[in-house]
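In what follows, chains are A, B, ... by sequence order, proteins preceding strands, each numbered from 1.
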There are 2 protein chains.
Amino acid sequence: MTARVTMRDVAQAVGVSPMTVSRALRDDKTVSEKTRSRVRAVAAELGYVYDTTAQAFRTQKSGFVAVTLPSVNNANFADTFRGLSEAIAGSGMQILLGATNYRLEKEEELVRQLLTRNPEALVLTGGNHTDATRSLIKARGLPVIEMWDLPPDPLGHVVGFSNADAMATLVTHLAASGRRRLAFVGASEGADLRGAERRASVVATAQKLGLDDVAVIDAGPAPVSMRHGAAAVERLGARLSVFDALVCVSDTVAFGALSECRRMGIDVPGQLAITGFGHFDVAAVSDPRITTVDVNARLIGTEVARVLETVFSGASAPLEIEVAARLVPGETS
Amino acid sequence: MTARVTMRDVAQAVGVSPMTVSRALRDDKTVSEKTRSRVRAVAAELGYVYDTTAQAFRTQKSGFVAVTLPSVNNANFADTFRGLSEAIAGSGMQILLGATNYRLEKEEELVRQLLTRNPEALVLTGGNHTDATRSLIKARGLPVIEMWDLPPDPLGHVVGFSNADAMATLVTHLAASGRRRLAFVGASEGADLRGAERRASVVATAQKLGLDDVAVIDAGPAPVSMRHGAAAVERLGARLSVFDALVCVSDTVAFGALSECRRMGIDVPGQLAITGFGHFDVAAVSDPRITTVDVNARLIGTEVARVLETVFSGASAPLEIEVAARLVPGETS
DNA sequence: ACTCGGCTTGTTAACGGTAACATGTTATCC
DNA sequence: GGATAACATGTTACCGTTAACAAGCCGAGT
């Protein structure tokens, strides 16, 4: 294995100083066109590969944006990630991704790890963090964006929507079409915080509208999947007839519930309404189509990218961008 | 903004040399227990954050494993990613992720970019790469793993399965249950290479078994989604009756097709069989359950992690690990 | 008491770039 | 023609950490 080719080698081959090579490769306007092209050619010929690590070290700018997501295995978060990656690509920033598995302690560990890489900004999902996470971040003083939520006490910038408001709209829609006996199907207490917010909102809105008390059905630990939704309905069995609407924490759960209802011969929406959350493909394609809430996951990503651009170009005041979440009526309600 | 806290500061506060701090923080056994704990305490007190960039630079080991996936927005690849991340977490390696959007040129650009970060290993999806990508990688001489395929001429290690064999099994299964007029629903030519392999295998196997010539139905550019599957069936309309089986490139497409069939009142599997690929949740939960092929996406990830461990502990010969893909009969065939 | 070896700590230089400043070189103007 | 500006390139030092080697200290063995 031959030693790696550095700028020094390229410089020597061209007959200039390493500094000139550095400038030529970075499109610094002070190098002559002639020199630049010679440097480029020689660099390619020698198989020179730029060392971003060295650059990051010297300039103290890593070129990284650290991002934490609860899970990549979720079409919504994956959409956000994609929107963010694609929109940020042009700026030369690279994403350093970590998954928290819906756990704040894992998030803390992750943030700790990510910070050692000197990211130039930090993007977190949600507005809930351990105290240690919060102080770590504050001490570091780097730009932070919280997304997917509208935290009451944000760490910095925010790009999100109100899970509570979105759910309230959904419950109001159900009430308007005559549903009164709601059950909320979601993850067990604790883990999924946005899910918990949705649950609380369903309970509160139902109360406000004078509906029956909402039954809370535990579909298992977060992240709850299609299988969990199906299993929850299966476990309910005949007791299902007590309800006239299942409000599910996400479209995946709703789809699982819907499929199981079909197997059990329950008429949706005749006997039972089912709603989801997230506007996943499965909700739009399934038969019947599932009533859901479009949270514009991809847009959240691109908006985060826009905030980052603003921040990197030297912005000051924390931005708070609210992304519209809108009801998407389907055939299950 | 106060200047960042470095090892020098910690050293000064403790009254030792930076070297001792370095050793203490890295669990070098040559520091005394007393010194180590003092260093730890002071570091925490001062809010010292280890600088991995500097370490990576000095040691010429980045601690990164570069990974390219066609898309994160695909439950299979997301599973692989998750399996890999979780299995690799203990080794202290961090994943640097990039998405190719199913395009080899994008892969090349990505590899080029990732290499500037000095990854210690490179994990690529599939065995197809541009010539430039291949030579870039070979020149660098770092460990490579190709996954999700069994390339005839691998760059290094391999963890995958034969898309062709898996599809052949599926077609054989259809033939055995009397289906003879197959249509393959997949992405347009060119983009999705594993999809193309599957298509070729369906065509070849049908021929070998003496079935009718397979119709190839273009559902759109990769990645093909549920919506694409539904739209393709909708476009076919009455012409659908020509076939007795739709072999779809993935479960998402199959689910879209299935849903549209239901809307159109087509009896599945009575009039038409539908098969998918990938063993996504949606295939297992939908009613009817979709016949599919389980490719063990998560296992691919964990196996890749195992290969990496082997490589980092100084292995030599290229490993080729074949992951079993198995038929999962459902209710749609 | 003296030597030797093991344990713990310190010193030096370097990893590959680039900011800041210095210097050389060529046009431009009166 | 000489001064001045505009452009092109070079020099120096440093970013934070650690490998390699040097050195101090202490107890055991003779």
Side-chain angles (χ1 to χ4, degrees), chain A residues 1-40 42-43 46-64 92 113 115-120 140, chain B residues 1-40 42-43 46-64 92 113 115-120 140:
Chain A
M1 184 122 81
T2 46
R4 97 180 351 265
V5 181
T6 72
M7 277 191 184
R8 217 177 304 280
D9 302 317
V10 177
Q12 204 149 34
V14 179
V16 294
S17 73
M19 193 64 233
T20 301
V21 175
S22 171
R23 287 195 262 248
L25 295 178
R26 274 178 306 144
D27 284 321
D28 187 311
K29 51 277 160 212
T30 70
V31 270
S32 71
E33 211 27 76
K34 210 178 60 186
T35 310
R36 181 196 315 291
S37 58
R38 262 202 314 151
V39 168
R40 284 271 163 80
V42 172
L46 297 183
Y48 169 75
V49 176
Y50 188 85
D51 186 342
T52 307
T53 305
Q55 182 194 42
F57 175 57
R58 166 67 235 226
T59 62
Q60 296 295 81
K61 306 180 99 204
S62 63
F64 281 131
Q113 190 191 150
L115 285 181
T116 71
R117 294 278 182 185
N118 273 320
E120 300 185 39
R140 189 62 168 255
Chain B
M1 182 122 82
T2 46
R4 105 194 325 279
V5 181
T6 72
M7 279 190 183
R8 216 179 305 280
D9 302 316
V10 177
Q12 206 149 32
V14 179
V16 295
S17 72
M19 193 64 232
T20 300
V21 174
S22 171
R23 288 196 260 249
L25 295 178
R26 276 178 304 143
D27 284 322
D28 186 311
K29 51 278 160 213
T30 71
V31 271
S32 70
E33 210 29 74
K34 209 179 60 186
T35 310
R36 181 196 316 292
S37 58
R38 263 204 312 154
V39 168
R40 284 271 164 80
V42 172
L46 297 184
Y48 169 75
V49 176
Y50 187 85
D51 185 342
T52 306
T53 304
Q55 181 194 44
F57 175 55
R58 165 67 235 226
T59 62
Q60 296 295 82
K61 306 182 99 204
S62 64
F64 281 131
Q113 190 191 150
L115 285 181
T116 71
R117 293 280 182 183
N118 274 319
E120 300 185 38
R140 190 60 169 255

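Counting non-hydrogen atoms under 4.0 angstrom, Arg8(B) reaches a base of the nucleic acid. At a threshold of 4.0 angstrom between heavy atoms, the contacts of Thr30(A) include nucleobase atoms, whether or not backbone atoms are also involved. As judged by a 4.0 angstrom heavy-atom cut-off over every strand, Thr35(B) is placed among residues touching the sugar-phosphate backbone only. Nucleic acid contact class of Ser17(B) (heavy atoms, under 4.0 Å, all strands): base.
Across the protein-nucleic acid pair, Gln55(B) atom CD and dA19(D) atom C1' stand 13 Å apart, rounded to whole Å. Put simply, CZ on Arg26(B) is 11 Å from P on dT17(D), counting in whole angstrom units. In this structure, Met7(B) atom CE and dC15(D) atom P are separated by 15 Å, rounded to whole Å. Note: CZ (Arg4(B)) to P (dC14(D)) measures 18 Å, nearest angstrom.
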Checklist entry - Going through the checks in order, is the side chain to side chain contact (heavy atoms under 4.5 Å, CB included) test met by Arg58(B) and Gln55(B)? => result CA-CA 5 Å; Arg58(B) 165 67 235 226; Gln55(B) 181 194 44; 6.0 Å; no
Item to check | Trace of the side chain to side chain donor-acceptor pair (under 3.5 Å) decision for Ser22(A) with Arg26(A) | outcome: CA-CA 6 Å; Ser22(A) 171; Arg26(A) 274 178 306 144; 2.8 Å; yes
Checklist entry - Taking it one step at a time, do Phe57(A) and Asn118(A) satisfy side chain to side chain contact (heavy atoms under 4.5 Å, CB included)? => result CA-CA 9 Å; Phe57(A) 175 57; Asn118(A) 273 320; over 6 Å; no
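Between Thr35(A) and Val16(A), the shortest heavy-atom distance links the atoms CG2-CG1, 4.4 Å. Smallest separation of non-hydrogen atoms from Asp51(A) and Arg4(A): OD2-NH2, 3.7 Å.
Reading DNA chain C from its 5' end, the first and the last nucleotide to sit under 4.0 Å from a heavy atom of chain B are dT8(C) to dG16(C).
Counting heavy atoms from C-beta on, the side chains of Val31(B) and Thr20(B) come closer than 4.5 Å.
Cation-pi geometry between Arg117(B) and Phe64(A) is satisfied (NZ or CZ under 6.0 Å from the ring centre, within 45° of the ring normal).
Within 3.5 Å, a donor on the side chain of Arg58(B) pairs with an acceptor on the base of dT18(D), or the reverse.
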Protein and nucleotides 21-27 of chain D: nitrogen or oxygen contacts under 3.5 angstrom:
none

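Proximity of Ser22(B) to the phosphate of dT18(D): a side-chain N or O atom is located under 4.0 Å from OP1 or OP2.
Counting non-hydrogen atoms of other residues, nucleotides and ligands closer than 6.0 Å to CD of Glu120(B) gives a total above 12.
Residue whose closest nucleotide on DNA chain C sits further toward the 5' end, between Val21(A) and Met19(B): Met19(B). Nearest-nucleotide assignment on DNA chain C puts the 5′-proximal partner with Phe57(A), out of Asp28(A) and Phe57(A).
Panel note: side chain Arg140(B), backbone Leu115(B); a donor-acceptor pair is recorded below 3.5 Å.
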